[in-house]
Amino acid sequence: VSFIPSIMFAVGVVELAVRAGALAAAKVLITPILRPLLGLPGVCGVAIIASLQSSDAGAAMTRDLAEKTLVTDDERMILTAFEFSSGASVIFYLTVAAVLFPFLPVHFLLPLGVVLLFKVVGANLVRLYLALRRRS
């Protein structure tokens, strides 16, 4: 129950960004990065950012992209794989895990980097699976 206000706020901010033209800008600016990295169009960048802050906002954005046919079914599955592993990783790590920072034997951002790296690895494993399935 305590997360509901933050989730509603995140969904609202994403909707405002979309109405302000964030999808059009992301399509142009982020496609050159996301296409080779994850095989996704730039419009997915907004959903990725939203999912790092709130898993529900990312899921709502992904559903919206699919309903507007801005992503294919395969792209939606890759995006969902990225979002599914460690949902809302940035916000939870910097708030909930912050109490553990003094006890970490490494720099406090390294574990977050590992989480983000494996989100990319997991999404690419799904991408590989989809490519192999298309061939057979």
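Since the model is a prediction, treat every value here as computed from it, not as a measurement.
- Take R127 and apply the salt bridge (Lys or Arg N to Asp or Glu O under 4.0 Å) test, not counting sequence neighbours, and it matches no residue.
- Note on L34 and V120: same hydrophobic cluster, where clusters join Ile, Leu, Val, Met, Phe, Trp and Tyr whose side-chain heavy atoms are under 4.5 Å apart, directly or indirectly.
- If you run side chain to side chain contact (heavy atoms under 4.5 Å, CB included) between V71 and each of L40, L65, I78, only L65 comes through.
- Each of M61 and I49 belongs to its own hydrophobic cluster when Ile, Leu, Val, Met, Phe, Trp and Tyr are linked at side-chain heavy-atom distances under 4.5 angstrom.
- The minimum heavy-atom distance linking S85 with K119 is given by the pair O-NZ, 2.6 Å.
- Hydrophobic clustering of Ile, Leu, Val, Met, Phe, Trp and Tyr side chains at less than 4.5 Å, counting indirect connections, unites L29 with V43.
- Considering only heavy atoms from C-beta on, P41 stays 4.5 Å or farther from L70 through its side chain.
- The list of ring-ring contact (aromatic ring centres under 6.0 Å, His included) pairs with a residue in residues 103-136, not counting sequence neighbours, reads F101-F108.
- Residue F92 comes nearest to G87 through the heavy atom pair CD1-O, 3.7 Å, listed as atom of the first residue, atom of the second, then distance.
- Looking only at side-chain heavy atoms (C-beta outward), D74 and R133 come within less than 4.5 Å of each other.
- Across all non-hydrogen atoms, the minimal contact from G58 to E83 is O-OE2, 3.3 Å.
- Both V46 and L116 belong to a common hydrophobic cluster when Ile, Leu, Val, Met, Phe, Trp and Tyr are linked at side-chain heavy-atom distances under 4.5 angstrom.
- Contact detail for A81 and G122: the closest heavy-atom pair is CB-O, 4.4 Å.
- The CG atom of L109 sits 6.5 Å away from atom OH of Y93, with the distance rounded to the nearest 0.5 Å.
- When every heavy atom of A88 is checked against every heavy atom of S55, the shortest pair comes out as CB-N, 3.6 Å.
- Residue pairs meeting the salt bridge (charged side-chain N to carboxylate O under 4.0 Å, His left out) criterion with at least one partner in residues 25-51, sequence neighbours excluded, are R35-E75.
- Linking Ile, Leu, Val, Met, Phe, Trp and Tyr whenever their side-chain heavy atoms come within less than 4.5 Å puts L37 and L112 in one cluster.
- L38 places a side-chain heavy atom less than 4.5 Å from the side chain of F82.
- Within the model, atoms CG of L79 and CE of M77 stand 11.5 Å from one another, a figure rounded to the nearest 0.5 Å.
- Shown here for V99 and V96, the closest heavy-atom pair between the two residues is CG2-O, 3.7 Å.
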